[in-house]
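See structure below.
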Amino acid sequence: MAKTIARNVKLKVNGVDLSDHVHKISANFKWDRVDVSSMGAIYKQYLLGLSDASITVDFFNDYSSGSIHATLQPLAGSNTPFEVEVTPDSTLSASATNPRLVMWSVLDGYDFADATVGQALMMNGVTFYNAITTGPVFYTT
Amino acid sequence: MFQPRRYQVTGTQPVLDHKPGEVFEDDLDPVQEERLLASGALRIIPAPPVKFPPALDVEPPNPEQQQQDDGAAAHTPEE
C-alpha cells in the first residue's frame, strides 16, 4: 500500500461494523520510558518497559438500535474484554500491506453526547484500552 | 459447548459481516451474544417446533393379560 487517503478504514466493535459513523480513528502503541540514569552520566539513559495499546475514535453519534450508543453502552464499565478490529482498507482483504488489527479491549467510559449548536452530534474520544497481557495482534490473512 | 442459533440483524449496522435484516446461524460466545442482544443489534430466531412422526396404530399392552402370561410361564413344568 502506497501513500493513501483514508476513506475506507473499517472499525468493528464486538462484531458490530461502526465504520460508517467514524470521523476519526487512531490506534496507538506506546512503551513506558524508564529512566535508568546512574551516577557519572551526562545524558539521561532510558530503557523501554511495559507496552500499552489503545484505539481512540471520534464517532458521529447515533442512538438507533444496534448503533453507536447502543453498542457501547453494554460494553462500558465491564472487565470482560471484547474485540475491537481495525482494517486500514475495508475494500481489500487483509494482507501484509493491509494488516487487520485485533485488540481485546475494555471501555472505561464515553460521552453520551458531545454537542455544539449547529454542528453534527458527536461522541468524541472514545478510547478502547488493551485488556489482555499478550496485547493486540496483526493479522495479514 | 455452544449450540448454533439462528439470529437476525435487527440494528442499523452490520454485525459479524451480516447486513441489517439478514438471518444467519452462529455459535456466539454467550457474553458477546448478551451484549449484542442488549444493544438491539440482533434478535434470536426461535427454533421451529419439533415435529414427531405420526403415532403408530398399536394398542397399549394390557397389564392383566401380561400378569396371566407371566404366571403361566412360571408354572411351566421343567423337562
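Because only heavy atoms are used, hydrogens play no part in the values below, and waters and symmetry mates are left out as well, while side chains stay in. Numbers restart at 1 for each chain; the letters A, B, ... are given by sequence-line order, proteins then strands.
- Interface remark: of the candidates B:Leu42, B:Leu16, B:Val31, B:Leu16 forms the most heavy-atom pairs closer than 4.5 Å to chain A.
- Partners of A:Ser51 by side-chain hydrogen bond (donor to acceptor under 3.5 Å, both in side chains), not counting sequence neighbours: none found.
- Using a 4.5 Å cut-off on side-chain heavy atoms (C-beta onward), A:Val126 and A:Met123 make contact.
- Interface remark: A:His69 contributes no atoms to any contact with chain B (heavy atom separation under 4.5 Å).
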Would you sort out whether B:Tyr7 and B:Glu25 count as a side chain to side chain donor-acceptor pair (under 3.5 Å), showing the intermediate values? CA-CA 6 Å; B:Tyr7 301 93; B:Glu25 197 169 277; over 6 Å; no
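- Residues passing the side-chain hydrogen bond (donor to acceptor under 3.5 Å, both in side chains) test with A:Thr56, sequence neighbours excluded: A:Thr127.
- Contact residues of residues 57-66 of chain A toward chain B are A:Ser64, A:Ser65, A:Gly66 (heavy-atom distance under 4.5 Å).
- Contact annotation: the side chain of B:Asp26 never approaches that of B:Pro4 to less than 4.5 Å [non-hydrogen atoms, C-beta and beyond].
- More than 12 non-hydrogen atoms from other residues, nucleotides or ligands lie less than 6.0 angstrom from OH of A:Tyr46.
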Give the C-alpha distance, both sets of side-chain angles, the deciding distance and a yes or no for ring-ring contact (aromatic ring centres under 6.0 Å, His included) between A:Tyr129 and A:Phe82. CA-CA 10 Å; A:Tyr129 293 97; A:Phe82 53 90; over 10 Å; no
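- Ranking A:Thr71, A:Asp17, A:Ile68, A:Asp20 against chain B, the residue ahead of the rest is A:Asp17, based on heavy-atom pairs under 4.5 Å.
- Linking ILVMFWY side-chain heavy atoms closer than 4.5 Å, directly or via other members, places A:Leu50 and A:Val36 in two distinct hydrophobic clusters.
- Proximity to chain B at a heavy-atom threshold of 4.5 Å picks out nothing from residues 100-121 of chain A.
- Comment: A:Lys12 engages B:Asp17 in a salt bridge, judged by a side-chain N to carboxylate O separation of less than 4.0 angstrom.
- No continuous path of hydrophobic side-chain contacts links A:Trp31 to A:Ile132 [ILVMFWY only; heavy atoms under 4.5 Å].
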Passes side chain to side chain contact (heavy atoms under 4.5 Å, CB included), A:Ser54 versus A:Asn28? Steps please. CA-CA 5 Å; A:Ser54 63; A:Asn28 311 288; 3.6 Å; yes
